[in-house]
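Just below is one structure, and these are the notes that go with it.
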There are 2 protein chains.
Amino acid sequence: MPVTIKDIAEVAGVTHSTVSRALNGNPMISEATAKRVQRVAAEMGYVPSAVAQNLHARRTKSIGMVLTTIADPFLAKIVEGVEQVARDAGYSLFLSTSYNHPDKEINVIETLYRRRVDAIIIASMWVGSTYRAELGRIKIPIVLINHLLEDDGLHSVAVDDVQGARLAVKHLIDLGHRRISFVKSLDRPSIYVENRIEGYRLAYLEAALLMDPRLILTPEGDGDVERGKRALELLRETKATAAFCYNDLTAIGLMKACHELGVRVPKDLSIVGFDDLEIAAYVSPSLTTIHQPRLELGQTAMRMALAMLEEKAVMTDQTMRCQLKVRQSTAAPGEDSIGHG
Amino acid sequence: MPVTIKDIAEVAGVTHSTVSRALNGNPMISEATAKRVQRVAAEMGYVPSAVAQNLHARRTKSIGMVLTTIADPFLAKIVEGVEQVARDAGYSLFLSTSYNHPDKEINVIETLYRRRVDAIIIASMWVGSTYRAELGRIKIPIVLINHLLEDDGLHSVAVDDVQGARLAVKHLIDLGHRRISFVKSLDRPSIYVENRIEGYRLAYLEAALLMDPRLILTPEGDGDVERGKRALELLRETKATAAFCYNDLTAIGLMKACHELGVRVPKDLSIVGFDDLEIAAYVSPSLTTIHQPRLELGQTAMRMALAMLEEKAVMTDQTMRCQLKVRQSTAAPGEDSIGHG
DNA sequence: TTGTACGCGTTATCAC
DNA sequence: GTGATAACGCGTACAA
């Protein structure tokens with residue numbers, strides 16, 4: 001059993017309220033008893049119970065975070081951002097995973113609420129679509145990250161997918177590519193994919209180029225990397241000289257298939273990813289990609305939650321811009337692109 | 001303010017104790033009032049306060065986990081393992097990061113204890129060395145993951161680094177390599193590095209080969225990948241035909257340098273990593289490496305914590321075996337290895 | 001300056 | 001069956 005202020009009171013020969021005061025630096029107390037109580041407390045190895053304090057204060061100084069899985073490098077960086085500003089503000093982080101299962105997700109959220117976290121940050125893609133009504137019961141601040149559903153009164157911070165995709169495709173067009181394939185990767189709400197296709201479309205439009213719907217590829221397979229690999233055979237039929245992949249993992253899968261089948265990157269095929277995971281810089285050739293400010297995404301979400309907790313001006317939904325990272329996987333189309341082979 | 005059982009009691013026209021009974025399926029209550037109370041509770045959107053329940057029960061059904069950073073793919077998988085069995089047992093996870101800072105780390109642990117988590121799992125490398133004494137004050141189960149200090153009465157689950165390293169070097173020797181370099185990467189307690197060198201030594205010993213200390217390289221640089229890159233210049237002078245790297249990130253850095261400088265892997269140089277991160281399978285060529293059962297590491301640690309909580313037989317420290325994953329980055333030494341150039 | 005008493009939201013042990 | 005009442009550990013208004 002942990003030591004309580006009552007235990008200390010007994011030893012120090014005072015009441016528990018005196019102990020409480022001494023330990024909380026209350027000025028209305030004699031220097032002598034304060035010192036004595038503090039010494040006794042230290043000797044007994046007293047550590048206050050946040051549970052009791054929380055009950056009294058009606059807040060827990062903790063934030064609940066729900067994500068699909070922790071082992072996703074994309075989410076990990078977001079969590080890091082949340083954790084940083086949470087810690088600085090004196091909050092701890094309760095982590096829960098939903099494994100992309102809507103039932104589990106609402107379940108997880110309820111558990112967090114039951115634990116009386118002060119706010120909830122959700123970085124799980126399917127939220128809202130299935131159980132928006134249930135969220136109404138939760139009477140604490142909720143912030144959604146990269147949650148692209150229609151406005152539903154929930155606060156959110158997201159990245160501008162359309163702008164990011166446009167940047168990627170513009171880069172390829174500027175390099176001289178005219179047949180640029182978009183490699184989808186499903187397993188996620190279609191709105192995400194659609195936004196990037198929209199960016200793709202806009203870039204084509206700006207360049208006054210005609211978009212060929214046959215360039216939109218949808219490889220089948222298990223997981224982003226696998227689908228990226230499968231994309232290569234589809235690509236061969238399109239005469240594309242460049243591929244813009246849904247995300248870095250898809251791009252890396254595609255690069256791997258290229259390596260195995262002797263397709264040279266970027267000489268035969270330029271490849272662009274999306275996300276800018278750490279790995280993107282490490283593969284060979286390093287991957288040109290769209291940088292998502294993941295750390296900032298997490299930080300901003302947490303700051304938003306803090307603002308709501310402090311009843312500050314209700315920030316409107318934030319959307320952050322992406323950035324193009326040019327590396328080695330893109331170049332001007334060569335004479336011997338697979339599109340010409 | 002969340003709805004309390006008192007609020008429900010008022011509406012239902014009973015006392016709060018009756019509400020408690022109705023909601024907890026206590027049989028000593030009339031069918032009628034039970035139903036009525038439950039209906040009222042549901043209508044009012046009641047969610048019990050775990051804080052109050054915890055105070056009464058003197059346990060929180062939560063586990064504290066401390067790690068250096070969440071954005072480390074190695075740790076992420078461990079966290080996933082912990083989270084899985086924690087959730088199945090009805091526990092939530094409190095996550096804290098220490099950024100490898102001893103002061104912060106003891107601080108973080110105290111915070112967790114203050115929150116009265118039922119047990120603490122530590123996957124941070126420097127623990128214990130600096131503040132073992134302080135840990136004595138914490139009177140709850142503590143499990144250390146991959147913490148390789150001398151026995152200090154703390155429970156731990158770790159991977160057998162010596163065996164893993166031996167496996168890696170044996171593989172290279174079996175392929176015909178005779179000059180195998182070990183690429184260190186510092187930034188971590190030397191015991192980790194030493195264990196792998198010990199495995200390296202054992203493999204040489206078994207093969208009745210003489211070990212050349214000049215083959216042990218210590219590249220300088222910031223981060224594993226960077227050090228791996230820097231290792232190539234050092235390697236050139238050693239006439240090594242293969243490199244066993246401290247971990248996958250170091251190996252990937254080395255591979256990247258090879259790619260940039262035209263050293264062919266595995267034709268000119270065989271490379272083996274350690275960890276088996278997801279990326280290892282995705283780089284080109286895919287990386288031969290030592291698999292650490294990271295998910296199981298986390299699961300086992302959590303099971304150990306559960307066992308201690310249930311006062312079951314105090315499991316002794318567990319050490320888990322590594323496994324060799326042969327991929328494309330290793331092959332028999334070629335005539336044109338850089339060691340012969 | 002210190003002690004007494006009460007509340008935070010639940011569960012549990014008494015009576016009635 | 002149901003209602004008081006105490007207890008969990010802490011903070012605090014009020015009384016002394």
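Predicted model, so just to flag it, every value in this text is computed and none were measured. We name chains A, B, ... by the order of the sequence lines, and we start the count at 1 in each one.
- Heavy-atom neighbours of A:E10 CD from other residues, nucleotides or ligands within 6.0 Å: at or below the threshold of 12.
- Taking a 6.0 Å sphere around NZ of B:K35, one finds it holds 12 or fewer heavy atoms contributed by other residues, nucleotides or ligands.
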| message | Is there a side-chain contact (heavy atoms from CB on, under 4.5 Å) between B:T111 and A:S92? Walk through the geometry before answering. | response | CA-CA 9 Å; B:T111 300; A:S92 297; 4.0 Å; yes

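- A heavy-atom distance below 4.0 Å to DNA chain C is reached by these residues of residues 30-45 of chain A, ordered by number: A:S30, A:T33.
- The environment of A:K6 atom NZ is sparse: at most 12 non-hydrogen atoms of other residues, nucleotides or ligands sit within 6.0 angstrom.
- Counting heavy atoms of neighbouring residues, nucleotides and ligands inside a 6.0 Å radius, atom CD of A:E31 does not exceed 12 of them.
- Panel note: side chain B:R303, backbone B:V85; no donor-acceptor pair is recorded below 3.5 Å.
- Between the CE atom of B:M28 and the P atom of C:dA12 there is a distance of 14 Å, rounded to whole Å.
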Atom pairs and distances, donor-acceptor, side-chain atoms in residues 48-59 of chain A, under 3.5 Å, two or more places apart:
unit_1 : atom_1 : unit_2 : atom_2 : d
A:S49  : OG     : A:V51  : N      : 3.3
A:S49  : OG     : A:A52  : N      : 3.2
A:N54  : ND2    : A:A50  : O      : 3.0

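- Cation-pi geometry between B:R116 and B:Y113 is met: under 6.0 angstrom from the ring centre, within 45 degrees of the axis.
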Might you list the N or O atoms of the protein lying below 3.5 Å from N or O atoms in nucleotides 8-12 of chain D, with each pair's distance?
unit_1 : atom_1 : unit_2 : atom_2 : d
D:dC8  : O3'    : B:R58  : NE     : 3.3
D:dG9  : N2     : A:A52  : O      : 3.4
D:dC10 : OP1    : A:Y46  : OH     : 2.7
D:dC10 : OP1    : A:S49  : N      : 3.2
D:dC10 : OP2    : A:I5   : N      : 2.7
D:dG11 : OP1    : A:Q53  : NE2    : 2.9
D:dG11 : OP2    : A:S20  : OG     : 3.1
D:dG11 : OP2    : A:N24  : ND2    : 3.4
D:dG11 : O6     : A:H16  : NE2    : 2.9

